[in-house]
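This report refers to the structure that appears directly beneath it.
Side chains included, hydrogens not; waters and symmetry mates left out as well; all remaining heavy atoms used.
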Amino acid sequence: PFEMRRAPGSCQGNSVERKIYIPLNKTAPCVRLLNATHQIGCQSSISGDTGVIHVVEKEEDLNWVLVDGPHPPYMILLDGNLFNRRVMLQLKGTSRVSGLAVAVSKPSPPQGFSPGLKCPNDGFGVYSKDYGPQFAHCNKTVWNPVGSGLSYEDFDFPIFLLEDANETQVIKQCYQDHNVPRDGSGPEYPLCAMQLFSHMHAVTSTVTCMRRSSLQSTFSINPEVVCDPLLDYNVWSTLQPINSSGKVDPKKEVIIVATRIDSHSFFWNIAPGAESAVSSFVTHLAAAEALHKASDVHLLQRNIMFTFFQGETFDYIGSSRMVYDMEKDKFPLRLDNIHSFVELNQVALRNDSILWMHTDPVSRMNESVEVQVRNLLDILSNSSMGANVTLQEAGYSQPLPPSSFQRFLRARHIPGVVLTDHKTAFQNRYYQSMYDTPENIRMQYPEGLSPEETLEYVTDTAKSLAEVATVVARALYRLAGGANNTSAIQADPKTVSRMLYGFLIKMNNSWFQSIIKPDIKAILGDVPQHYVAVSSPVNTTYLVQYVLANLTGTVVNLTKEECLNPEKTPSSEKELYEYAWVQGSLEPNSTSRVPYCVRSTVHLSKALSPAFELRQWGSTEYSTWTESRWKEIHARIFLVASKELEIITLVVGIAILIFSLIATYFINAKADVLFSIPRDPGAVAY
């Protein structure tokens, strides 16, 4: 009898099910997403899909699955290096494959891997047939040449990522013991099989699924919603406090600094986003801290707004919503208040310390915009003097890379610049993939450090990003009208190190624990992921909010009661500030904490596409991405018997059943004979 080793973390028990199946607990599924016109992603049949396992480690192994193997359909355990468009389209075109489990490639594929599009967010930026048609659809520059578009394909079988090498090894061992072809002929039964469950409720498009959900909500007592819009919150704060519930004076100019805080990959909630998101928003946070420490920020003639957009990966959800709110007077700022726009895009993979400044060649044809953009570029270039960062212009012939700034340009000609580590195509060869990890941005730690030492260790990546943050902070100070020497404005590499560790390696660390509210400490999971999702706020949003409050706010001497209800304290200026009662650090040699009250200008604003507000589910103007709902997602392996044995077992079972029925019938018919009560021998008949 075959005895399989249990997968780590699997339930121990004596039930029949646990003796038959080995659950795979550390997996991530590919799920279905929908937009106005398409469905993308993967799903299983309603009862899950099952197949005989075949390990594919080189392309030649595919022949067995596609042609030679006698036991289709197959569940493929695919080596991460073969998880590419060419192989996947081969598998998509056959009925001999029932599902796929992908093993993570270690090290990351050297040729690069990006399941995103070659032209990210195409059609939702500023360039179109009416505005810079020569730049539309990446005609001039293909930003993500490695992009295979795999995330935007629709697969009718389940695909799971195996996150645990031990579980991968359990599957391989089961395959070795039972499924390896012997001398070119098929293996003997029993065979090792896998079952994947990931049935999705939504189909066709956002228009279809939202209409169904809407009808259910209208006419059903227990509505069954089939999909949900991708949504979350943008995080924003200002250098000088403003009334968040009122309107900023139309004459007051504000400089917007922006970054995205979300990422994506082929698999659900696997979105490390080291270069595509984290490097930029960590730099942004460090610049905000450096500026707040400047002594004369309250005297600056222009205000600065630090903005962190959610959902940008999915056709600019966060930025399009903020622009919409500004146009509809639902935000403290109007578009008229915006003096200029500075966006930090991917900045961690600089060549020779060069940071590229991208501007929009179309709006620069307007003379007044050109003068302001020129001033912006000069200030940025001058701010890099003496820093280990060289700023260079990408040039007139280049359009803007995919960026939140494009959504603002759609509404108005605003002078702005997007800072990146690439002049043309992305330096990032793992854009929107599971391999956009700390290693991708060259984060390295010495061996043998404790978690606490790792948190505090200043990596070269942290020093490099702190230099970029310093240049940005100095430039913003000058742009806002600051006249003093900027040499004192300096981003802290130690803060950058802590943020990189927290947002990329381990969320549940002592610093993050100390700066969040006690009631949300459950958000501190282990490995950070930055997918926008459908339940909000997600961990990333909360943490960016509280890190920003920690770095730019002030500790105020209020009791817990006063901090939680600041409107009861006359001096609190509730309309200008937000108050948070945070956990604080652990006392030395103790498990109790020293909580305190933080006052900051950090706010959240809704990041839900206006398409859902307007119920325009087929919109081409705004993002329409939704995520399907599902009931259960799980994976397991087990041994399967041959069809002949199953048929024999079934026939024997039926025969025994029929025999039992016949026997029961005859016994019942002769019951009076078989079970008659014997007469009492002492009784005498007369």
Side-chain angles (χ1 to χ4, degrees), residues 1-7 10-25 27 43-55 64-77 94-101 156-158 160 167 170-199 631-676:
F2 172 68
E3 191 176 304
M4 280 193 269
R5 285 177 295 146
R6 289 215 160 265
S10 66
C11 307
Q12 300 293 332
N14 295 318
S15 75
V16 173
E17 184 179 347
R18 285 175 185 162
K19 288 183 175 178
I20 296 172
Y21 299 107
I22 290 189
L24 302 170
N25 297 319
T27 60
Q43 76 154 356
S44 73
S45 60
I46 197 160
S47 54
D49 288 323
T50 305
V52 172
I53 295 169
H54 191 75
V55 175
W64 185 263
V65 172
L66 299 174
V67 182
D68 303 334
H71 306 119
Y74 284 97
M75 275 284 175
I76 298 175
L77 173 55
T94 176
S95 59
R96 289 174 60 90
V97 173
S98 59
L100 206 63
D156 58 1
F157 52 77
F160 278 55
E167 289 191 345
V170 167
I171 300 168
K172 284 185 177 177
Q173 189 60 51
C174 184
Y175 167 78
Q176 292 287 343
D177 293 346
H178 294 270
N179 295 13
V180 175
R182 313 283 174 200
D183 307 320
S185 62
E188 298 288 317
Y189 282 99
L191 297 174
C192 193
M194 184 186 293
Q195 191 171 33
L196 302 177
F197 293 83
S198 62
H199 182 66
K631 274 217 162 48
E632 61 171 342
I633 284 180
H634 67 265
R636 59 193 187 180
I637 62 173
F638 56 96
L639 292 182
V640 64
S642 70
K643 285 278 178 284
E644 292 81 3
L645 182 59
E646 287 177 348
I647 290 166
I648 291 167
T649 308
L650 179 66
V651 169
V652 169
I654 292 170
I656 291 170
L657 175 66
I658 292 168
F659 176 76
S660 305
L661 291 171
I662 293 167
T664 306
Y665 172 77
F666 279 112
I667 289 168
N668 198 39
K670 305 289 183 184
D672 53 335
V673 175
L674 293 170
F675 304 110
S676 60

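- Shortest non-hydrogen contact noted between Ser47 and Phe197 is O-CE2, 3.1 Å.
- Taking 4.5 Å as the limit, every side-chain heavy atom of Ser98 sits out of range of all side-chain heavy atoms of Tyr74.
- When all heavy atoms of Ser660 and Ile656 are compared, the pair lying nearest together is OG-O, 2.6 Å.
- Proximity of a side-chain donor or acceptor of His54 to a complementary backbone N or O of Leu77 within less than 3.5 Å is not detected.
- The distance from atom CZ of Phe157 to atom CE of Met75, rounded to the nearest 0.5 Å, is 9.5 Å.
- Remark: Gln43 CD to Leu196 CG distance equals 13.0 Å, nearest 0.5 Å.
- Side-chain atoms of Asp49 come within 3.5 Å of backbone atoms of Ser45 as a donor-acceptor pair (strictly under, hydrogens ignored).
- Taken to the nearest 0.5 Å, the CD1 atom of Ile76 stands 13.5 Å off from the CH2 atom of Trp64.
- For Asn179 (side chain) and Ile53 (main-chain N/O), a donor-acceptor pair under 3.5 Å exists by modelled atom type.
- Using modelled atom types, no side-chain atom of Thr94 and backbone atom of Val97 make a donor-acceptor pair closer than 3.5 Å.
- Centroid-to-centroid, the aromatic rings of His71 and Tyr189 come within less than 6.0 Å.
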TODO: Give the intermediate values and the outcome of side-chain contact (heavy atoms from CB on, under 4.5 Å) for residues Leu24 and Ile171.
DONE: CA-CA 9 Å; Leu24 302 170; Ile171 300 168; 3.8 Å; yes
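- Side chains of Thr27 and Ile633 form no contact here, defined as non-hydrogen atoms less than 4.5 Å apart.
- Between Asn25 and His634, every side-chain heavy-atom pair lies at or beyond the 4.5 Å cut-off.
- Thr50 places no side-chain N or O within donor-acceptor distance of the main-chain N or O of Gln195, the cut-off being under 3.5 Å.
- The shortest distance between side-chain heavy atoms of Phe638 and Pro190 does not fall below 4.5 Å.
- Between the His199 side chain and the Ser44 main chain, a donor and an acceptor come within less than 3.5 Å of each other.
- A distance-only check finds a donor-acceptor pair linking the side chain of Arg96 to the backbone of Val65 [under 3.5 Å].
- Under the side-chain contact (heavy atoms from CB on, under 4.5 Å) criterion, Leu657 pairs with Leu661, not counting sequence neighbours.
- In this structure, CE in Met194 is found 14.0 Å from OH in Tyr21, a value given to the nearest 0.5 Å.
- Annotation: side-chain hydrogen bond (donor to acceptor under 3.5 Å, both in side chains) contacts of Lys172 (sequence neighbours excluded): Glu57.
- With contacts defined as side-chain heavy-atom distances shorter than 4.5 Å, the pair Arg182/Val180 qualifies.
- Looking at heavy atoms from C-beta onward, Cys174 lies in side-chain contact with Leu639 at the 4.5 angstrom threshold.
- Put simply, the side chain of Glu632 never gets that close to the backbone of Ser198: no donor and acceptor are under 3.5 Å apart.
- By the 6.0 Å contact criterion, CD on Glu188 is open, its count of non-hydrogen atoms from other residues, nucleotides or ligands being 12 or less.
- From Gln173, atom CD reaches atom NE2 of His178 across 9.0 Å, with rounding to the nearest 0.5 Å.
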